[in-house]
There are 2 protein chains.
Amino acid sequence: MSKVGIREVAKLAGVSTGTVSRILNDHPSVTKELRARVTAIIKDLGYTPDPSARSMRGKVSRLIGIVIPDLTNPFFAELVQSAEQAAANHGYNIIVMTSFDHAAKEADRIKQLTSRKVDGIMLVPSNDFHTLKLPKGLPIVVVDRLMPGYSGIAADHRNGVRLGVEHLLQLGHRRIGFISGPGHSVPANDRLRGYLDAIEQAREQADGTRMAGPPLIAEAAFDYESGRSAGNYLLARARNERPTAIFASSDQQAIGCMRAAHDLGIPIPAALSILGFDGIPLASMTTPRLTTVKQPIQDIAAAAVAVLLNKQTAPELDNPILFACEILKGETTASPQPD
Amino acid sequence: MSKVGIREVAKLAGVSTGTVSRILNDHPSVTKELRARVTAIIKDLGYTPDPSARSMRGKVSRLIGIVIPDLTNPFFAELVQSAEQAAANHGYNIIVMTSFDHAAKEADRIKQLTSRKVDGIMLVPSNDFHTLKLPKGLPIVVVDRLMPGYSGIAADHRNGVRLGVEHLLQLGHRRIGFISGPGHSVPANDRLRGYLDAIEQAREQADGTRMAGPPLIAEAAFDYESGRSAGNYLLARARNERPTAIFASSDQQAIGCMRAAHDLGIPIPAALSILGFDGIPLASMTTPRLTTVKQPIQDIAAAAVAVLLNKQTAPELDNPILFACEILKGETTASPQPD
DNA sequence: TTGTACGCGTTATCAC
DNA sequence: GTGATAACGCGTACAA
C-alpha cells in the first residue's frame, strides 16, 4: 500500500521505465506480448501513475476547469453534473469554480485554473464578460452565454422560443405575452429575438385571425420574484386586452408568473396559459405542472467536453454549435377561452 | 507571459531558490526586509508556483475532493458551492465528483481522488456506505449522512425536527402527521427520532389537551412524488381523525404533500398546516410559501473545510459536530381550525 | 540566516 | 523495439 512507482514496475518486469511509460501511453512501438506481460504486472501491483508527476513532465493534467456564475442555479448544476460524467468517461476530472457573476472573481478563477495546468476550461461567462481577457493557448469553450470571438456551445434559444410560440399559436392563442430576460444577457436577447421572429411570421401569415397589436413584452431578471412582478404587469389590464398566454424566458420566471396569476384569481390554464423555458426538474413539481421548452443540457455538456479534449473539432469562432430544444408538455397550456 | 519559475525570481532578486521557497511557505527564518523585497519581485513578475510540481515534491496539493450523491439536489449544490467558497478563502480548489448513490462508483471516485493527492475529502456517503473502505492517512470528513467510525459534520436533524414540532404545538396542533424519510437513511432516522421525542414529551406534559393516539407516520423517499403519496395516505381519513398539520422530512416531500392536499381540496394553511425540512431556495417559491426548518448549509461546509485543512480540530469519531437548525417562517403553517 | 545540491515520478530524446 | 538518461519545477536536508 506504499509508494509503488513506475520504477518498481519496471524492475519487477525486467524492463526499463521508458518501456513501461510507453505502454501506459499506448505508444505503438511495443511488442504485444511484452505489453501484455507488463500490463499484468501493473495490475498486479495495483500501480497507478501519479497525476502530479505526469502533469509536471508532460503537458497533460487530465483536469478540466469549469467556471460558472452560480451553482445553486439548477440549470448550471445539471450542466456541471453532466460535464463531470462526460469527463469521467475520458478519464478526466473537473475543478469547479463559482464566479458569482463577478468579472474580477471570474478572471481570478481562470488564472488559478491556468496555473493548475488544466487541459481546458468550460466557461459560462459572467454578464460583464467584455472586460474579460482569456489566456491564449488554452482550449476554452464558452457555454450558454455565447461570446463573440470564442468557440461557443449552447442551446438554440432562438428557435426554441419559436417552437414555444408556435405551440401557443396552434392552441389558438393570439395575444401572447413575453417575459424577457435581462437586456445585457446574451441568451435573453436570443430568446427575445425568437419571440419577435415567431410573432412577426404569424402576422404575415395572418390567417384571418388578427394578432394582437401592441407588443406584450416585459423585461425582468431570470428569477422567481422578477417573473412575478412581470406577470403582474402583463396581467394588469382589461380581460379582453390582456394576454391569454404568457411565455417566460425561464422556468423560475414562469413559476413566479403562475403565482401572480394565482393571486389575481386567474385560473391556469383555463384563463391563462403559461409556458416556461429551461426544463429544470422544478418545472414538473409545480401545481399544475409547468409546460416548458427544455434545453438539452446533457448534450451541451458532452459536446463541450468533447471539444476540450479534441475529440471533436471546435466550432468556428462566431459560429457556435447549437442544440435544438424540445417542448416538455405539462398542464399549464391549453386553448384559450372565448372572451 | 512565458514560463517564469522560481529560478527567475531568485536570479532577479539576487538570492537563491531556497530562499524564495522559504518565503513562499512562510518559513520563519527569513529577514523581514529580504522577505519584503523578494515578495515585491514575485508580485512584479506575476510569478505563481506550479501546483503540479508542488504537490509532487511536497505532500500538499491544495486540492480537496468532494464526493456527493447528486449535484442536482439543491441541498448538495449549495453545500458544494459553500465548500468551494470556504476552500478558495484558504487558497484551495475543489474537485467535484458524483456517486449517484452507487457504492461502487463512490469507491472508484475516492480512489481517483487519492491518486490525485488531494489533501482531504469531503464525503456525503451513498446509502449503502457499509460496503465502503476508506483509505487511512487521508483526512476524510463525512457530511450530512453520518457514518460510525468517521469524523462527521451535519445539521442537528433531531433537534431541528423537535423545533419544528414545537412550533406546530405552539400553534395549537395536536394531531401532527410526519412523513419520514427512507428507513436506510441516517438523517431520515435522526429526523424521525426528533419527531418521536417531541411527541413523547408533549404527551408527558399533557396539559389537558390530549395528543392524538395512533402515530401518524408515513415512510417515503425524499422526493416530491413520494411526498405526494405519503400525503395522500395521511389525509385519507375522516376530518376529525386526520392530522391538522403534516411535518415532512424534506422540502420536496412537503411540496408534494401540498399538491396532495390541493388535489383533495384541503386549503393550506386554513385546514392543514405543512412544514418542510431543509430550507432549499425552492421553499420560498411555492404558493403559498413553505414554512420550513432550515439547515445551516454554509456553516456545515465551512466547518468541513476547516477540519480538512486542520484549521479546526476534527470531531471525535462517533461524536460528530452538529449545527443547530432554525425555522424559516413561510405561509403554510397556522393555528388549526376547530373541528 | 542563506545557498547548494539532490530527489520526487514521469515522459521525451536519444542511442543501441 | 527497447534501454538509459536528461529534464520538468519545486521543497528540503545539509553545509556554510
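The chains referred to below are lettered A, B, ... by the order of the sequence lines, with proteins before strands, and numbering in each begins at 1. The figures that follow rest on heavy atoms only: side chains count, while hydrogens, waters and symmetry mates do not.
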Visitor: In this structure, how many angstroms lie between the P atom of D:dG11 and the CG atom of B:N25, rounded?
Guide: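 After rounding, the gap between these two atoms is 5 Å.
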Visitor: From the options D:dG3, C:dG3, C:dG9, select the nucleotide whose nearest atom is closest to the side chain of A:A53.
Guide: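 Out of D:dG3, C:dG3, C:dG9, the nucleotide with an atom closest to A:A53's side chain is C:dG9.
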Visitor: Can you find a heavy atom in the side chain of A:Q81 that is under 4.5 Å from one in the side chain of B:I68?
Guide: no
Visitor: Using side chain to side chain contact (heavy atoms under 4.5 Å, CB included) as the criterion, point out the one residue from B:R116, B:R57, B:M56 that pairs with A:S52.
Guide: B:M56
Visitor: Do B:R35 and B:R22 touch side chain to side chain, with heavy atoms closer than 4.5 Å?
Guide: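 No, side chains not in contact.
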Visitor: Just call it for B:S21: base, sugar-phosphate, or nothing, with non-hydrogen atoms closer than 4.0 Å on any strand.
Guide: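 Since a base atom lies under 4.0 Å of B:S21, the category is base.
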Visitor: Just how far, in rounded Å, is C1' of C:dT4 from CD1 of B:I6?
Guide: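 Atom CD1 in B:I6 sits about 13 Å away from atom C1' in C:dT4.
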Visitor: What is the separation between atom OH on B:Y47 and atom P on D:dG9, rounded to the nearest whole Å?
Guide: 10 Å
Visitor: Rounded to the Å, how far apart are A:H27 NE2 and C:dT13 P?
Guide: 9 Å
Visitor: Counting heavy atoms from C-beta on, name the nucleotide in C:dT11, D:dC10, D:dT2 closest to the side chain of B:R7.
Guide: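 Shortest atom-to-atom distance from the side chain points to D:dC10.
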Visitor: Quickly work out the A:D26 CG to D:dG1 P distance and round it to whole Å.
Guide: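 Going from CG in A:D26 over to P in D:dG1 covers 16 Å.
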Visitor: Mind calculating the distance between CE (A:M56) and P (D:dC10) to the nearest angstrom?
Guide: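 My rounded result for the distance is 9 Å.
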Visitor: How many Å lie between CZ on A:R57 and C1' on C:dT10, as a whole number?
Guide: 8 Å
Visitor: Using a cut-off of 4.0 Å on non-hydrogen atoms, how would the nucleic acid contact of A:T17 be classed: base, sugar-phosphate, or nothing?
Guide: base
Visitor: For B:D70 and B:D101, what are the C-alpha separation, side-chain angles and deciding distance, and is it a side-chain contact (heavy atoms from CB on, under 4.5 Å)?
Guide: CA-CA 7 Å; B:D70 173 19; B:D101 250 324; over 6 Å; no
Visitor: Let me know the distance between CD of A:E8 and P of C:dG9, rounded to the nearest Å.
Guide: 8 Å
Visitor: Out of C:dT4, D:dC10, C:dT11, which has the shortest distance to the side chain of B:D50?
Guide: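 Nucleotide nearest to B:D50's side chain: D:dC10.
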Visitor: Within a strict 4.5 Å, meaning less than it, do heavy atoms of the B:S82 and B:E78 side chains meet?
Guide: yes
Visitor: Please figure out whether A:R54 or B:G14 has its closest DNA chain C nucleotide nearer the 5' end.
Guide: B:G14
